[in-house]
Amino acid sequence: MITNLTTTQIESIQIDEGMIYLNYGESGEIFLAPTRGGGEFSATAQIRDIEFDGRHGKTAGMQVIEEQAASLKVTTLNLSQANLAMAIPTAVVNTTSGANSAVVNPATGYIAPAKYLTNVTMFCKTIGGKYKKITIYNPLHEGGINLKAVQKAEGELALEFTAHYPHTDLDGNLWKIEELTALPS
């Protein structure tokens with residue numbers, strides 16, 4: 001039974017919502033707001049056990065990481081045409097005369113590398129006043145658009161950005177978690 005906590009343990013507790021940025025630090029950086037339900041980061045590794053004669057179970061040093069994945073989920077209330085178009089890779093925003101515009105479905109086929117974002121970054125605060133900066137690279141939302149219009153409620157756009165390796169660096173970084181003493185200005 002834990003009877004005491006250290007100051008370091010308490011100061012490392014992450015509190016409150018995250019702030020989500022698309023293409024953070026790049027030209028065209030977008031603060032994705034307002035959001036609901038915060039952000040959810042996930043990183044996984046598919047590990048294969050090397051089986052051998054005499055094996056009694058999982059054995060240290062006899063495992064291989066075969067595949068890795070990372071994603072960041074967020075729900076935005078901002079149903080801008082650009083956000084809706086981002087939900088379907090290669091969807092297009094057509095602007096007609098005046099202020100009217102339409103998001104139209106894309107043609108099927110190849111998704112060009114230019115359609116992937118450079119990064120999606122989430123900043124989270126800790127009790128101790130530090131920040132976690134969580135970044136996924138080459139993300140793309142692959143889940144489509146699902147909208148509801150409900151009385152006494154707001155429309156929500158759920159986005160799950162999945163990190164991708166660039167074809168030029170198949171062993172590159174999918175994600176990174178940094179600890180910062182202050183938010184960048």
Side-chain angles (χ1 to χ4, degrees), residues 16-46 65-124 132-178 183-184:
D16 300 327
E17 72 282 354
M19 296 177 294
I20 312 291
Y21 290 85
L22 309 178
N23 289 330
Y24 180 76
E26 305 289 325
S27 65
E29 170 185 295
I30 298 168
F31 177 49
L32 189 62
T35 59
R36 177 174 285 156
E40 180 182 341
F41 168 72
S42 174
T44 60
Q46 188 177 73
I65 295 176
E66 289 191 330
E67 198 170 302
Q68 297 184 67
S71 67
L72 202 150
K73 295 179 187 178
V74 63
T75 299
T76 184
L77 303 179
N78 181 345
L79 300 184
S80 69
Q81 294 296 75
N83 283 352
L84 291 171
M86 181 176 45
I88 301 280
T90 72
V92 178
V93 178
N94 286 338
T95 304
T96 58
S97 62
N100 296 329
S101 68
V103 178
V104 296
N105 63 285
T108 57
Y110 178 68
I111 300 171
K115 289 296 183 178
Y116 295 77
L117 297 170
T118 302
N119 67 67
V120 174
T121 300
M122 178 170 65
F123 291 93
C124 307
K132 299 294 182 182
K133 178 185 175 190
I134 302 167
T135 304
I136 63 171
Y137 299 101
N138 303 302
L140 185 73
H141 172 73
E142 300 174 7
I145 299 172
N146 194 1
L147 297 175
K148 287 197 300 187
V150 180
Q151 182 178 359
K152 296 184 182 182
E154 297 75 37
E156 298 178 344
L157 178 61
L159 299 168
E160 180 175 0
F161 296 101
T162 303
H164 295 78
Y165 290 106
H167 70 278
T168 56
D169 189 5
L170 298 178
D171 260 343
N173 291 328
L174 284 179
W175 57 273
K176 176 170 47 171
I177 301 174
E178 300 172 82
L183 281 176

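Everything numeric here is computed off the predicted structure, so don't read it as measured data.
Using bins of under 30°, 30° to 60° and over 60° for the plane-to-plane angle, the ring pair Tyr21/Phe31 lands in the tilted bin.
The distance from atom CD of Glu40 to atom CD1 of Ile134, rounded to the nearest 0.5 Å, is 11.0 Å. Note that the OG atom of Ser71 and the CG atom of Leu140 stand 12.5 Å from one another [nearest 0.5 Å]. For the atom pair Asn78 CG and Asn83 CG, the distance stands at 4.5 Å (nearest 0.5 Å). From Leu157, atom CG reaches atom CG of Leu32 across 8.5 Å, with rounding to the nearest 0.5 Å. Summarising the geometry, atom CD1 belonging to Ile20 is positioned 10.0 Å from atom CG belonging to Leu159; distances are rounded to the nearest 0.5 Å. Taken from CD in Glu29 to CG in Leu117, the straight-line distance is 12.0 Å, to the nearest 0.5 Å.
Within the structure, ring pair (Phe, Tyr, Trp, His ring centres under 6.0 Å) contacts touching residues 150-175 (residues at least two apart or in different chains) are Phe41-Trp175, Tyr116-His164.
Using a 4.5 Å heavy-atom cutoff, the side chains of Met122 and Leu72 are in contact. In this structure the side chain of Leu84 reaches within 4.5 angstrom of the side chain of Leu147, judged on heavy atoms. With a 4.5 Å cut-off on side-chain heavy atoms, Met19 and Glu17 do not count as touching.
Applying the side-chain hydrogen bond (donor to acceptor under 3.5 Å, both in side chains) test to Glu26 and every residue at least two apart in sequence or in another chain returns nothing. In terms of the side chain to side chain contact (heavy atoms under 4.5 Å, CB included) criterion, residue partners of Ala91 (sequence neighbours excluded) are, by chain and number, Ala85, Ile88, Val103, Pro106. The salt bridge (Lys or Arg N to Asp or Glu O under 4.0 Å) test applied to Lys73 returns no partner, not counting sequence neighbours. Glu160 is linked by a salt bridge (Lys or Arg N to Asp or Glu O under 4.0 Å) to nothing, counting only residues two or more places apart in sequence or in another chain. Gln46 meets the side-chain hydrogen bond (donor to acceptor under 3.5 Å, both in side chains) test with no other residue; sequence neighbours excluded.
Summarising the geometry of Asn173 relative to Tyr137, their closest heavy-atom pair is O-CD1, 3.6 Å, with the distance given to 0.1 Å. Across all non-hydrogen atoms, the minimal contact from Ala45 to Ile65 is CB-CG2, 4.2 Å. Between Ile111 and Pro89, the shortest heavy-atom contact is CD1-CB, 3.8 Å. In terms of heavy atoms, Pro166 sits closest to Leu170 at O-CD2, 3.5 Å. Closest non-hydrogen pair, Gly28 versus Asn23, comes out as O-CB, 4.5 Å. The heavy-atom pair separating Ala87 from Ile145 by the smallest distance is CB-CG1, 3.4 Å.
Side-chain N/O atoms of Thr76 and Thr35 include no donor and acceptor closer than 3.5 Å.
Other residues, nucleotides and ligands contribute at most 12 non-hydrogen atoms within 6.0 Å of the CG atom of Asn146.
Ionic pairing of Glu156 and Arg36 is present here: one or more N-O contacts between side-chain nitrogen and carboxylate oxygen are shorter than 4.0 angstrom.
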